[in-house]
Amino acid sequence: MKKHGIVLLAMAAAALGLAAFAACGLAACNDTGDTPGGDTPGGNVPGGNAGNEYLVFETLADGSLQVSADSGKEMPEEIVIPSEYEGKPVTAVKAQGFALNRAEGLERVVIPEGVKSIGENAFYNLITLESAVLPDSLIEMGMYAFAGCTALQDIEFGSGLSIIPVGAFGGCAIASLTLPETVTDIYFDAFRGCRELTGVTLPDSVTYLGSSVFAECEALTEVTLPKGLTSIENATFKDCGSLTKIEIPAGVKSIGSSAFEGCALKEVVLPDGVERIGDRAFYYCDELASVVFPDSISEMGMDVLFSTAYYDNEANWKDGVLFAGCHLLDADRVTGEGYTVPKGTRTIAGGAFDLSGSLKKGIVLNEELVYLGREAFKGCAFEEIAIPESVTTIEADAFFGCDELERVVFEDPENWTRYMTPEDVREPVPAAELADPTGAAVLLKDSYRLFTLEKQ
């Protein structure tokens, strides 16, 4: 504990103020001593706020002030930033203004009403900070504003913020999180690595959660997701090793890559309406034994359920092939020289038949199939395959390494386009190129290998 807490500061400042008033005339005491165009260190002027001597005020273009710590002073345990200084309103906390190299020792900060913005890295790596009070007037916060504040466990949010920015509270010691109803967007890494965080309640106003928002929150056990959420982005809950249960809202359409990788989920029920599951979405969820994937899924990534209890359960494999509902996820145990995809199968996941070199007699695709994943048949040894009319997507590298492939028969060669991400430039594929089985095989192995084909 420091020798000068805020109470001692207030008493000393009051005594100094009285002495100064007795020693000077009224006109002299109203002289603020501002340096035009320069920084103004806070001082114990009559009518000023006690403790301002630890702060530096700078005039912004609109005439208001931004505040930062005076790096030349040893910080008190608590600072209450004034709402105005020398007659000017304080509206901003300066970028990096209270970062570790400027404000070490500060344990609690109160940001007053009237402050509208907190700059980037404002309190970055301030490892002594334990508590912060944010005002209702705050509407903008810079990236990584409180990132690395490893002792910060108590945050009082105001009601003005709509966006929690990139990395804002990464690595903090928050144990429980409830955000105000004004928040609509939480950007990537916002709470990443908050290792003490056990519970999260997100208001229904939130419609966007960025990538890795709660990644590496290893104590997280309970999450309430907002009803308006439409996607769970990449790695949102990756390595949340204590998360045993999650309820996916009905409006979610997409589960991103590694979204729940390394979690302790025991059961997953995805609502009807989910259309996409990314690579490794539930990868290494060791205890995940029960999954329900709806028929609505039309895009399935690679290794979605690899190294889960569901994957390791022999009862879930049929003829060496792993299914989840009507989705073929993995065929690395298939035997024999050929395989017929069962009726009703809608997707073949990325990498499903990867290096199944024994399938020399080919794979027969069913008529309800809509999706062939990335590297779906990588390294297969068959010479011919027919693409049913029902198929609408063939991902990049679907036939990579299929050196023996000589014929690809498109039942419907019309209205296909090709594109490559991230450029997302789409070009029509001439029907004549796909109507020729020999030429189509060459295109899929070579010219179109890195492109995704989609039927319009």
Side-chain angles (χ1 to χ4, degrees), residues 1-2 4-6 9-10 13 38-44 48-60 64-86 88-158 160-161 164-174 189-191 193-194:
M1 300 292 285
K2 293 187 177 294
H4 46 278
I6 192 156
L9 286 170
D39 298 352
T40 305
N44 289 317
N49 288 33
N52 287 351
E53 67 268 31
Y54 299 99
L55 302 174
V56 174
F57 299 89
E58 298 173 79
T59 303
L60 300 173
S64 66
L65 301 175
Q66 70 175 359
V67 64
S68 60
D70 187 341
S71 59
K73 302 286 181 64
E74 185 180 1
M75 288 293 107
E77 295 167 8
E78 179 176 6
I79 285 180
V80 178
I81 296 173
S83 59
E84 65 174 41
Y85 179 73
E86 296 183 345
K88 297 179 180 181
V90 177
T91 61
V93 176
K94 186 178 181 179
Q96 301 182 35
F98 291 82
L100 177 62
N101 60 340
R102 298 183 63 92
E104 184 177 7
L106 180 62
E107 296 178 6
R108 173 177 165 83
V109 63
V110 178
I111 300 173
E113 289 298 329
V115 170
K116 299 177 182 179
S117 68
I118 295 176
E120 292 184 10
N121 301 295
F123 297 88
Y124 183 73
N125 269 358
L126 184 54
I127 59 175
T128 57
L129 188 65
E130 298 176 359
S131 175
V133 177
L134 310 182
D136 292 339
S137 58
L138 183 66
I139 58 175
E140 182 180 358
M141 183 186 295
M143 296 188 297
Y144 305 102
F146 291 89
C149 294
T150 54
L152 180 58
Q153 55 187 326
D154 181 14
I155 302 173
E156 185 177 323
F157 287 94
L161 274 177
I164 306 296
V166 174
F169 298 96
C172 291
I174 310 164
D189 287 357
F191 297 94
C194 291

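Every heavy atom of this structure was used, including side-chain atoms; hydrogens, water molecules and symmetry mates were not.
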query: Which heavy atom in Ala103 sits nearest to a heavy atom in Thr128, and how many Å separate them?
result: O-OG1, 4.3 Å
message: Within the supplied structure, the quantity of interest is the number of heavy atoms (other residues, nucleotides, ligands) at a distance under 6.0 Å from Tyr124 OH; does it exceed 12?
response: no
- request: Before giving the answer on side chain to side chain contact (heavy atoms under 4.5 Å, CB included), spell out for Thr91 and Val115 the whole-Å C-alpha distance, their side-chain angles and the decisive distance to 0.1 Å.
  value: CA-CA 4 Å; Thr91 61; Val115 170; 6.0 Å; no
Minimum heavy-atom distance Met141-Ala168, with the two atoms named: SD-CB, 4.0 Å
- request: Walk me through it: do Leu126 and Val109 pass the test side chain to side chain contact (heavy atoms under 4.5 Å, CB included)?
  value: CA-CA 11 Å; Leu126 184 54; Val109 63; over 6 Å; no
message: Is the ring pair Phe98/Phe123 parallel, tilted or perpendicular, if the boundaries are 30 and 60 degrees?
response: parallel
- request: Please round to the nearest 0.5 Å and tell me the distance separating atom CZ of Phe146 and atom CG of Leu129.
  value: 7.0 Å
statement: Correct closest heavy-atom pair for Gly105 and Met75 would be C-CB, 4.4 Å
- prompt: side-chain hydrogen bond (donor to acceptor under 3.5 Å, both in side chains) with Asn101: which residues, sequence neighbours excluded?
  reply: none
task: Report the distance from atom CD1 of Ile111 to atom CD1 of Ile81, rounding to the nearest 0.5 Å.
output: 5.0 Å
- request: Using modelled atom types only, decide if a donor and an acceptor are shared between the side chain of Glu113 and the backbone of Ser137 within a distance under 3.5 Å.
  value: yes
- prompt: Short question: side chain of Arg108, backbone of Glu78 - any donor-acceptor pair under 3.5 Å?
  reply: no
message: Please give me the minimum heavy-atom distance between Leu60 and Ala92, naming the atom from each residue.
response: CD1-CB, 4.1 Å
task: Provide the closest heavy-atom pair for Ser131 versus Leu152 in the form atom of the first, atom of the second, distance.
output: N-CD1, 3.6 Å
- request: Please name the pair of heavy atoms, one in Ala147 and one in Gly167, separated by the smallest distance, quoted to 0.1 Å.
  value: CB-O, 3.3 Å
